[in-house]
Visitor: 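Let me give you the structure first, and then I'll get to my questions.
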2 protein chains.
Amino acid sequence: MSKFKSYMELALAEAMIAARREEVPVGAVIVNEHGETVAKSGNRIRELKDPTAHAEILAIREACTKLKSERLVGHHIYVTLQPCKMCLQAIINARLERLYYGAPDTSNAQFDPYNIENGGKIQGSSLEVYPNIHEYDSSDLIKKFFNERR
Amino acid sequence: MSKFKSYMELALAEAMIAARREEVPVGAVIVNEHGETVAKSGNRIRELKDPTAHAEILAIREACTKLKSERLVGHHIYVTLQPCKMCLQAIINARLERLYYGAPDTSNAQFDPYNIENGGKIQGSSLEVYPNIHEYDSSDLIKKFFNERR
């Protein structure tokens with residue numbers, strides 16, 4: 001199995017743990033230039049009563065605290081779902097080098113000024129995007145979560 | 001002086017305190033439906049080594065902690081500078097009712113999918129935007145900060 005798929009599996013595990021906490025199942029993992037996992041998190045919006053506590057934001061904050069730096073140059077982030085605009089801009093602000101994500105978020109994509117679903121380099125930033133990694137697992141997890149609650 | 005100008009002055013005071021900490025001078029204030037200030041913050045990116053520690057995000061987190069809720073329905077936020085996409089989406093996610101902001105951010109505006117510089121209701125959200133409140137004071141503060149450091 002390719003390396004980036006195994007990081008996405010770690011992110012998927014975080015998403016599954018989030019679902020057990022009754023949070024929308026999204027997980028994120030940040031990996032450094034040596035391939036070491038420096039942070040991982042799931043959604044904690046309800047638990048923390050914090051609308052900014054998306055998996056990506058929590059992972060970025062955890063990695064920055066560990067590295068004592070507000071920039072994550074050379075680092076990659078793996079997210080099970082296409083990030084919302086808040087998280088995408090946080091990923092850009094943090095100077096992350098690569099974003100790998102799983103399922104597309106169609107509700108979000110229609111307003112996406114960067115067209116990240118096409119992948120590639122984001123203009124005016126240091127970020128490259130790789131969409132649709134383990135897409136079906138991430139997508140199934142989200143669908144199952146909402147179907148069980150409808 | 002109109003009420004919303006005095007809240008913006010509180011936000012400007014936070015921005016000035018941020019400048020003294022060597023942070024880009026941006027301040028934010030959140031006010032509830034009774035006109036009470038529930039949170040205020042300046043930028044703390046460098047101090048906290050956190051790329052998400054923009055004034056708006058910190059004020060939202062502080063208000064949500066106080067209210068024990070991840071939603072700030074009926075609340076208004078005053079920000080000295082046009083929010084970046086991360087903060088704008090956080091403001092929308094938090095269900096804030098109104099955003100008043102000071103100076104436009106021309107670097108940010110060109111990718112703004114919501115065209116917030118025109119003001120008015122943001123489509124698909126509960127947010128209304130009021131730009132250019134105390135615009136010149138906010139703008140002067142930012143210009144002075146960067147000129148002194150060039």
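Below, read A as the first sequence line, B as the second, and so on, with proteins coming before strands; counting in each chain starts at 1.
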Visitor: Under a 4.5 Å cut-off applied to non-hydrogen side-chain atoms, are A:Asn93 and B:Met86 in contact?
Guide: yes
Visitor: For residues 29-39 of chain A, which residue pairs qualify under side chain to side chain donor-acceptor pair (under 3.5 Å), counting only residues two or more places apart or in two chains?
Guide: A:Asn32-A:Glu36
Visitor: Hey, any chance A:Ile17 and A:Leu81 share a hydrophobic cluster, counting ILVMFWY side chains that come within less than 4.5 Å of each other, even indirectly?
Guide: no
Visitor: I'd like to know whether NZ of B:Lys66 has more than 12 heavy-atom contacts from other residues, nucleotides or ligands below 6.0 angstrom.
Guide: yes
Visitor: Inspect the surroundings of CZ in B:Arg71 and state if more than 12 heavy atoms from other residues, nucleotides or ligands are less than 6.0 Å away.
Guide: no
Visitor: For A:Leu141, which fellow cluster members are found when Ile, Leu, Val, Met, Phe, Trp and Tyr are connected by side-chain heavy-atom distances below 4.5 angstrom, either directly or through intermediates?
Guide: A:Leu12, A:Met16
Visitor: Should B:Ile77 and B:Val38 be counted in the same cluster of Ile, Leu, Val, Met, Phe, Trp and Tyr side chains packed under 4.5 Å apart?
Guide: yes
Visitor: Out of curiosity, does A:Val26 fall in the hydrophobic cluster containing A:Phe146 (side-chain heavy atoms, cut-off under 4.5 Å, transitive links)?
Guide: yes
Visitor: Counting a contact as any heavy-atom pair under 4.5 Å apart, which residues of residues 48-65 of chain B contact chain A?
Guide: B:Lys49, B:Asp50, B:Pro51, B:Thr52, B:His54, B:Ile57, B:Ile60, B:Arg61, B:Cys64
Visitor: Using non-hydrogen atoms and a limit below 4.5 Å, what part of residues 40-47 of chain B faces chain A?
Guide: B:Ile45, B:Arg46
Visitor: Within a radius of less than 6.0 Å around NZ of A:Lys68, do more than 12 heavy atoms belonging to other residues, nucleotides or ligands occur?
Guide: no
